[in-house]
Protein chains: 2
Amino acid sequence: MKTRRHRYSASTKGALVDVAEQLFTENGYTATSLDAIVAGADVTKGALYHHFSGKQAIFEAAFERVESRATAGIVEASAGHRDPWEKAQAGLRAFLDAVQEPAYRQIVISDGPSVLGHERFREQEERSTYAIVGEIVRSVLTTGGWDLDEDMLDTFTRIFFGALSAAGGSVAVDEDPAAAAARVEAAIGFIMAGLQQLLEAGVEVPDPA
Amino acid sequence: MKTRRHRYSASTKGALVDVAEQLFTENGYTATSLDAIVAGADVTKGALYHHFSGKQAIFEAAFERVESRATAGIVEASAGHRDPWEKAQAGLRAFLDAVQEPAYRQIVISDGPSVLGHERFREQEERSTYAIVGEIVRSVLTTGGWDLDEDMLDTFTRIFFGALSAAGGSVAVDEDPAAAAARVEAAIGFIMAGLQQLLEAGVEVPDPA
DNA sequence: GAGAGTACGTACCGTCGGTATGTACCCGAA
DNA sequence: TTCGGGTACATACCGACGGTACGTACTCTC
């Protein structure tokens with residue numbers, strides 16, 4: 001049941017996260033004070049500490065919102081493609097787009113790891129963009145009958161996810177983002193083509209065990 | 001000329017960086033207070049602010065030290081190999097080792113970007129480990145007469161550097177780091193083998209322009 | 001309509017980064 | 001020899017910020 005109090009509460013909380021996301025994006029985590037957030041949301045610190053346990057908690061709320069936006073964009077773009085390689089191409093483009101968003105770069109990539117800590121950051125990551133990359137990597141690498149165990153699939157996913165994150169970051173700061181994105185697409189495409197070559201040649205992934 | 005004053009000064013500064021590196025590694029940047037650093041070095045804040053302009057400056061000193069250690073390790077390991085592919089293999093192993101060091105993970109990977117800011121972080125990076133990865137990528141990719149322009153080489157470098165950083169981080173937190181490192185080596189080796197395949201087949205890198 | 005819980009507001013505290021100022025010491029010039 | 005000046009710190013203090021304690025108005029339920 002939605003009572004008026006609940007609606008007021010929800011809107012206050014939402015306004016706080018709105019302002020927090022904006023200020024965190026513009027100034028970074030440490031340079032954003034709680035006073036500035038509550039002033040922007042036209043409330044006081046009492047309201048903030050009623051809804052969140054502290055600064056880290058409201059950051060995490062903004063973090064999750066930004067992550068879920070990025071995830072939605074990639075899912076939407078990669079859906080509708082049946083062929084795994086086409087799906088990967090479309091997902092790659094969407095990923096490169098998402099990672100250029102200022103909020104994503106500042107909150108998720110830059111401040112995320114240090115504010116949330118490694119393990120918590122990893123947790124958040126693994127149920128959003130990382131999971132999507134994992135799905136795409138799985139569908140691409142298992143095409144053609146490769147049998148990779150879960151550990152090896154996860155290793156490939158980490159590698160590709162790291163590659164895409166770094167590449168996306170460089171795209172975002174490039175003076176010509178469109179050209180940089182095109183280069184990244186070409187390079188990633190070339191690497192994937194190499195994997196396809198091996199696949200067609202019947203080369204096995206070496207067993208590290 | 002080295003006077004006694006200069007020696008005293010150098011040792012005080014060195015002690016401050018020693019303690020700072022340790023505390024930053026253990027607790028992270030924000031959770032490490034300047035009071036704790038100066039207490040650990042048995043001096044006062046006056047001494048710290050005489051040698052450094054502030055908290056960020058002493059962090060950067062620790063950052064540079066950790067980076068140069070990592071760089072030295074990789075250079076040492078990859079030296080002595082003539083064949084680019086062998087050089088890459090050796091460099092990869094050394095990189096995976098370096099990136100597992102707690103100081104490197106916390107100070108360089110986790111806190112580095114948010115504390116120094118993107119551009120400053122990038123500057124520091126590009127004259128240390130990134131430069132080495134770039135050299136190796138260049139020597140590997142230009143073998144056999146490929147002609148890639150600088151932009152494309154840099155794109156490949158960013159991709160591999162990001163891949164290796166992420167992979168190294170996952171190795172560090174794995175419950176069996178040795179096995180995880182072996183998986184990463186296998187996966188990277190497989191990707192490079194794919195590139196070799198394309199190289200032998202005479203496939204051109206698509207021109208994104 | 002009265003008690004209880006919610007959704008805040010207000011006032012305050014401890015910590016921390018940074019600064020201003022003082023001081024002991026060393027070193028080169030007169 | 002001494003004496004001015006610069007170096008290498010120490011001491012005292014400030015303002016900002018994260019967090020807490022407590023008060024209060026409003027609302028929902030019984």
Side-chain angles (χ1 to χ4, degrees), chain A residues 1-24 26-63 107 111-112 114-117 120, chain B residues 1-24 26-63 107 111-112 114-117 120:
Chain A
M1 173 173 46
K2 267 189 184 170
T3 81
R4 273 172 56 200
R5 264 171 71 172
H6 286 139
R7 279 201 300 279
Y8 287 149
S9 170
S11 77
T12 299
K13 190 171 182 176
L16 281 169
V17 179
D18 282 344
V19 177
E21 179 190 331
Q22 182 187 338
L23 294 182
F24 282 145
E26 289 173 2
N27 312 321
Y29 180 77
T30 49
T32 301
S33 70
L34 295 183
D35 287 335
I37 294 177
V38 299
D42 267 318
V43 291
T44 62
K45 280 166 83 167
L48 192 149
Y49 274 90
H50 174 71
H51 289 289
F52 304 96
S53 61
K55 193 182 185 183
Q56 186 173 327
I58 194 175
F59 174 83
E60 195 161 353
F63 181 98
I107 294 179
D111 285 334
S114 62
V115 173
L116 300 181
R120 193 147 187 78
Chain B
M1 174 174 46
K2 265 187 185 171
T3 81
R4 275 172 55 199
R5 266 169 72 170
H6 286 138
R7 280 201 298 278
Y8 287 150
S9 169
S11 76
T12 299
K13 191 171 183 178
L16 281 169
V17 179
D18 281 343
V19 177
E21 179 189 332
Q22 181 188 340
L23 293 181
F24 282 144
E26 290 173 2
N27 313 320
Y29 181 76
T30 49
T32 299
S33 72
L34 295 184
D35 286 334
I37 293 177
V38 299
D42 266 318
V43 291
T44 63
K45 279 166 84 167
L48 192 150
Y49 273 90
H50 174 71
H51 289 289
F52 304 96
S53 61
K55 191 182 186 184
Q56 186 173 327
I58 195 176
F59 174 83
E60 195 161 351
F63 181 98
I107 294 179
D111 286 334
S114 63
V115 173
L116 300 181
R120 192 144 188 78

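Note on naming: letters A, B, ... go to the chains in the order of the sequence lines (proteins, then strands), and numbering restarts at 1 for each one. Note that these values count all heavy atoms, side chains included, but never hydrogens, waters or copies made by symmetry. Since the model is a prediction, treat every value here as computed from it, not as a measurement.
For D:dA8, the OP1/OP2 oxygens have no side-chain nitrogen or oxygen of B:Thr12 closer than 4.0 Å. In this model, the phosphate group of C:dA7 is not approached by any side-chain N or O of A:His51 to a distance below 4.0 Å at OP1 or OP2.
As rounded to whole Å, 16 Å separates atom C1' of C:dG17 from atom CZ of B:Phe59. Atom P of nucleotide D:dT20 and atom CG of A:Leu48 are separated by 12 Å, given to the nearest angstrom. As a whole-Å value, the separation of B:Ile37 CD1 from C:dC16 P is 12 Å. In this entry the distance linking CG of B:Asn27 with C1' of C:dC16 reads 15 Å, nearest Å. Rounding to whole angstrom units, CZ of residue B:Phe52 and P of C:dG17 are separated by 15 Å.
You'll find the side chain of B:Asp111 reaches within 4.5 Å of the side chain of B:Phe59, heavy atoms only.
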Name every donor-acceptor pair, under 3.5 Å, that has one atom in a side chain of residues 31-45 of chain A and the other anywhere in the protein, sequence neighbours excluded.
from: A:Thr32; atom 1: OG1; to: A:Leu23; atom 2: O; distance (Å): 3.2
from: A:Thr32; atom 1: OG1; to: A:Gly28; atom 2: O; distance (Å): 2.6
from: A:Ser33; atom 1: OG; to: A:Ala36; atom 2: N; distance (Å): 3.1

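In this structure, B:Gln56 has no side chain to side chain donor-acceptor pair (under 3.5 Å) partners at least two apart in sequence or on a different chain. Under the side chain to side chain contact (heavy atoms under 4.5 Å, CB included) criterion, B:Ala61 pairs with B:Val17, B:Phe52, sequence neighbours left out. For B:Ser114, the side chain to side chain donor-acceptor pair (under 3.5 Å) partners two or more places apart in sequence, or in a different chain, are A:Ser114. The side chain to side chain contact (heavy atoms under 4.5 Å, CB included) search around B:Asp18 returns B:Arg65, not counting sequence neighbours.
Nearest nucleotide to the A:His50 side chain, out of C:dT6, D:dA10, D:dA8: C:dT6.
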Strictly under 3.5 Å: I want the nitrogen or oxygen pairs between protein and nucleotides 17-19 of chain D, one per line.
from: D:dG18; atom 1: OP1; to: A:Thr32; atom 2: O; distance (Å): 3.4
from: D:dG18; atom 1: OP1; to: A:Lys55; atom 2: NZ; distance (Å): 2.8
from: D:dG18; atom 1: OP2; to: A:Leu34; atom 2: N; distance (Å): 2.8
from: D:dG18; atom 1: N7; to: A:Lys45; atom 2: NZ; distance (Å): 3.1
from: D:dG19; atom 1: OP2; to: A:Tyr49; atom 2: OH; distance (Å): 2.8
from: D:dG19; atom 1: OP2; to: A:Lys55; atom 2: N; distance (Å): 3.0
from: D:dG19; atom 1: O5'; to: A:Tyr49; atom 2: OH; distance (Å): 3.2
from: D:dG19; atom 1: N7; to: A:Lys45; atom 2: NZ; distance (Å): 2.9
from: D:dG19; atom 1: O6; to: A:Lys45; atom 2: NZ; distance (Å): 2.8

